[in-house]
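To keep things clear, I will list the structure first and then write my remarks on it.
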Amino acid sequence: MRNPYANYCLIAALSIFITAYASAQIVITEIMYNPASKEKMPAQTEWIEIYNSGDEAVNISGWTLSDEDGKTNPVPDGISLAAGEAIVIIPGVQDVADFRAAWGEGFQVISLSGFTKGGMRGLANSPSDTNEILKLQNTGGDVVDEVNFDDVKPWPNDRKQGPSIYLATDKISAEDNDSGENWKRSEVNKDGAINNKITDDYDKTDTGSPGRIVQQNTGEENAKPKPSDEKPADQET
Ligand SMILES: [Ca+2]
Ligand SMILES: [Ca+2]
Ligand SMILES: [Ca+2]
Ligand SMILES: [Ca+2]
């Protein structure tokens with residue numbers, strides 16, 4: 001007779017595999033680390049966009065963002081990314097409503113405490129090889145995606161603060177976003193980027209495409225169909 005414990009182990013291993021596989025589809029796609037708007041506490045107008053490049057919804061409740069300084073509090077319960085959905089994470093010191101007043105509607109925004117002192121402290125305006133090593137970790141502590149971004153070649157520079165950096169939409173994967181040459185600086189009216197509306201905290205002109213991934217070859221917004229259907233013809237063979 002088959003050992004029931006073996007069945008349990010098999011199911012457990014399979015569910016870990018499925019979770020890991022699903023998690024691998026979540027990719028950091030845009031980073032606003034050097035906004036022109038207020039950055040002195042208590043205001044911190046930075047944000048990060050993450051994107052589900054897979055076919056299935058992924059529940060990210062309990063996940064954390066961290067860097068070499070520390071970790072945010074976990075993503076609250078009930079937060080899930082549909083296939084092709086991009087969502088924005090902002091520091092706990094910022095209100096979701098304030099963010100929306102500046103950047104608009106139509107996508108999920110999560111405000112995470114610990115995205116400032118006491119946790120990962122925020123995103124330095126002078127990233128380097130040894131700082132700003134962003135990690136997205138799942139509930140098991142596995143690193144789903146890591147980006148050690150920088151502001152020198154091959155990464156886009158950040159002279160003139162305000163524009164975010166974003167991952168080219170034909171390079172959306174947890175591997176491709178490790179390379180600076182796959183990132184671009186946001187320019188208004190290009191690849192879905194807009195300028196924010198001026199508000200109390202978002203008080204200068206910043207440029208980005210929060211919650212939007214625009215397919216470069218079709219111009220289609222928010223990544224439906226998913227990028228794997230959108231590969232240029234020369235990659236299909
Ligand atoms: Ca900053
Ligand atoms: Ca770095
Ligand atoms: Ca990565
Ligand atoms: Ca975007």
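Every number for a ligand or one of its atoms is a count from 1 in the order of the listing. Remember, predicted model here, so these are calculated numbers, not experimental data.
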| Considering only N, O or S atoms of Glu39, the one closest to the Ca ion (ligand 1) |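 The atom in question is OE1.
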
| task | Taking the Ca ion (ligand 1) as the reference point, name the nearest N/O/S atom of Glu46. | result |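 It is OE2 of Glu46.
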
Modelled atom types, side-chain donor and acceptor of [X] and [Y], under 3.5 Å:
| X | Y | answer |
| --- | --- | --- |
| Asp191 | Tyr166 | yes |
| Thr130 | Glu68 | no |
| Ser61 | Asp77 | no |
| Glu39 | Asn125 | yes |
| Thr45 | Asp201 | no |
| Ser113 | Asn73 | yes |

Hey, are the side chains of [X] and [Y] touching, using non-hydrogen atoms and a 4.5 Å cut-off?
| X | Y | result |
| --- | --- | --- |
| Pro163 | Glu187 | no |
| Lys184 | Ile165 | no |
| Ile110 | Ile87 | yes |

| Rounded to the nearest 0.5 Å, what separation is found between the CG atom of Asn34 and the CG atom of Asp151? |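 Atom-to-atom, Asn34:CG and Asp151:CG are 8.0 Å apart.
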
| Heteroatom test (N, O or S) for Leu134 near the Ca ion (ligand 2), limit 3.0 Å |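 So Leu134 does not bind the Ca ion (ligand 2) by this criterion.
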
| said: Would you say the Ca ion (ligand 2) has Thr130 as a near neighbour, meaning an N/O/S atom of that residue under 3.0 Å away? | reply: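 It does not: Thr130 brings no N, O or S atom closer than 3.0 Å to the Ca ion (ligand 2).
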
| field | Polar protein atoms (N, O or S) that approach the Ca ion (ligand 4) to under 3.0 Å | value |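 Atoms qualifying: Glu30 OE1, Glu49 OE1, Glu49 OE2, Ser209 O, Ser209 OG, Arg212 O.
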
Can an N, O or S atom be found in [X] less than 3.0 Å away from the Ca ion (ligand 1)?
| X | value |
| --- | --- |
| Leu123 | yes |
| Gln44 | no |
| Asn34 | no |

| task | To the nearest 10 degrees, calculate the angle at the Ca ion (ligand 2) involving O of Phe149 and O of Glu132. | result |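 Between O of Phe149 and O of Glu132, the angle at the Ca ion (ligand 2) is about 100°.
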
